[in-house]
Amino acid sequence: MIDILKNRIKQGYRTSKFPNEDPGLPDRFRGRPTLRPELCAAGCTACIDACPTRAIEHRDPPGKADGKNVPLALDLGRCLFCGECTTACPEGAVTFTKDHRLAANRREDLLVTTEEARLAESLNEEMRRLFGRSLKLRQVSAGGCGACEAELTALGNVVFDLGRFGIQFVASPRHADGLVITGPVTRNMREALRIAYEAVPSPRLVIAVGACGISGGPFIGSEDHLGGAASAVPVDLFIPGCPPHPVTILDGMLRLLGRLKEDRVRGA
Ligand code: SF4
């Protein structure tokens with residue numbers, strides 16, 4: 001017992017100061033990508049060809065489809081953050097920053113370009129009044145590999161301590177204010193997801209976590225899934241990643257609850 005107490009004192013206070021301080025993510029962390037299409041060699045499609053989920057595309061502005069300095073767009077909802085695009089591009093047109101802020105309310109806001117991007121916005125006043133101080137969530141694993149669930153579980157550890165924000169995972173959708181959905185929604189899970197959704201009392205929230213939950217992720221192209229949560233139920237918050245870091249998940253949830261204010265992130 002004495003040893004346990006000594007160890008505990010030695011460890012000190014371990015809970016992250018996030019969101020009041022920078023989360024201090026390591027250099028190897030891959031967060032929000034930045035695009036510099038002006039570095040693209042004419043006609044080069046190396047990053048596009050390297051992407052396993054076709055998350056990157058060239059976008060020719062109207063009347064300027066000359067294959068030179070073509071603007072790029074990267075869909076965070078498909079991105080696996082594998083870094084294959086950065087390896088494939090010798091010019092450095094695609095790079096990953098340490099910015100953990102990735103969540104958005106609308107699917108189209110997950111498209112990264114050189115323009116300013118819109119981050120997740122807060123719920124309306126009535127919903128914040130209902131959920132702002134106490135949010136109970138039921139997790140539904142609708143396929144996937146299990147890593148997103150592992151990161152959601154990590155939110156409950158002493159470092160992230162989700163409970164300090166009044167957010168908790170509960171065992172039954174009937175006791176929940178919303179669902180957190182991971183996985184691409186396999187055909188076998190469609191009905192189970194619908195039943196879980198209907199069991200949550202209205203008004204309810206739906207949070208889609210991970211590339212699978214947003215688009216099908218690495219399973220894009222398979223006929224055995226629906227291509228993400230939004231194909232089965234309405235989604236209020238999309239949290240990209242494969243899997244998303246707990247800080248990215250927490251950031252998205254806190255934005256939804258109106259605890260984080262800035263709602264724009266600058267483009268490249
Ligand atoms: S998004 Fe990636 S980490 Fe999450 S379940 Fe799918 S494959 Fe696994």
Side-chain angles (χ1 to χ4, degrees), residues 23 25-26 28-33 50-56 74-87 94 96 98-112 120 137-157 159-160 162 167 169 178-190 192-193 196-197 205-233 235-253 256:
L25 297 169
R28 67 176 183 278
F29 173 76
R30 292 195 192 108
R32 176 172 286 278
C51 180
T53 56
R54 309 295 288 181
I56 308 178
L74 192 156
D75 181 359
L76 289 178
R78 283 177 166 242
C79 184
L80 306 183
F81 295 79
C82 62
E84 290 293 319
C85 47
T86 54
T87 306
V94 187
F96 286 86
K98 281 172 62 179
D99 189 348
H100 60 276
R101 300 170 301 166
L102 302 173
N105 303 106
R106 301 183 308 167
R107 183 68 182 85
E108 57 267 35
D109 289 337
L110 296 179
L111 201 66
V112 173
L137 298 167
R138 163 73 204 194
Q139 206 271 314
V140 178
S141 180
C145 73
C148 282
E149 290 87 334
E151 300 298 348
L152 288 165
T153 302
L155 281 171
N157 71 26
V159 175
F160 303 107
L162 189 66
I167 308 171
F169 287 98
L179 298 180
V180 174
I181 303 170
T182 56
V185 188
T186 58
R187 296 198 178 279
N188 287 342
M189 275 300 293
R190 174 169 36 188
L193 176 58
Y197 176 77
L205 297 175
V206 174
I207 302 173
V209 169
C212 285
I214 300 172
S215 67
F219 304 105
I220 285 173
S222 164
E223 292 180 356
D224 295 326
H225 66 83
L226 305 184
S231 55
V233 292
V235 172
D236 301 284
L237 182 67
F238 296 95
I239 304 179
C242 184
H245 191 283
V247 163
T248 297
I249 303 172
L250 191 50
D251 174 85
M253 290 180 176
L256 198 65

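Here the structure is a predicted model, which means the values were calculated and not measured. Whatever order the structure lists ligands and atoms in, that order sets their numbers, starting from 1. Throughout, numbering of the chain's residues begins at 1 and tracks the sequence.
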CG of L193 to CG of L226: how many Å apart, nearest 0.5 Å? 8.5 Å

Using side-chain heavy atoms (C-beta onward) and a distance below 4.5 Å, is L111 in contact with R106? no

Nearest neighbour in protein (non-hydrogen) for atom 8 (Fe) of ligand 1: C145 SG, 2.2 Å

Atom indices of ligand 1, in the order listed, that fall short of 4.0 Å to a heavy atom of G144: 5 (S)

Indicate the ring-plane relationship of H225 and F219, choosing parallel, tilted or perpendicular according to the 30° and 60° boundaries. perpendicular

Measuring from atom CG of L179 to atom CG of L137, what distance do you get when rounded to the nearest 0.5 angstrom? 8.5 Å

Return yes when at least one N/O/S atom of C212 is nearer than 2.8 Å to atom 2 (Fe) of ligand 1, and no when none is. no

Give the numbers and elements of all ligand 1 atoms closer than 4.0 Å to a heavy atom of A211. 1 (S)

With a cut-off of 4.0 Å, which atoms of ligand 1 are near a heavy atom of P243? 3 (S)

How far is atom 4 (Fe) of ligand 1 from its nearest protein heavy atom, and which residue and atom is that? C148 SG, 2.3 Å

Give a yes or no on whether the backbone of D99 and the side-chain of R32 come within a donor-acceptor separation of less than 3.5 Å. no

Return yes when G217 approaches ligand 1 closer than 4.0 angstrom through a heavy atom, no otherwise. no

Looking only at protein heavy atoms, what sits closest to atom 2 (Fe) of ligand 1 is C242 SG, 2.3 Å

For A147, counting its heavy atoms only, list the atoms of ligand 1 lying under 4.0 Å from any of them. 3 (S)

Side chains of P244 and L102: does their closest heavy-atom pair fall under 4.5 Å? no

Using modelled atom types only, decide if a donor and an acceptor are shared between the side chain of R187 and the backbone of E223 within a distance under 3.5 Å. yes

Ligand 1 to P218, heavy atom cutoff 4.0 Å, flagged ligand atoms 7 (S)

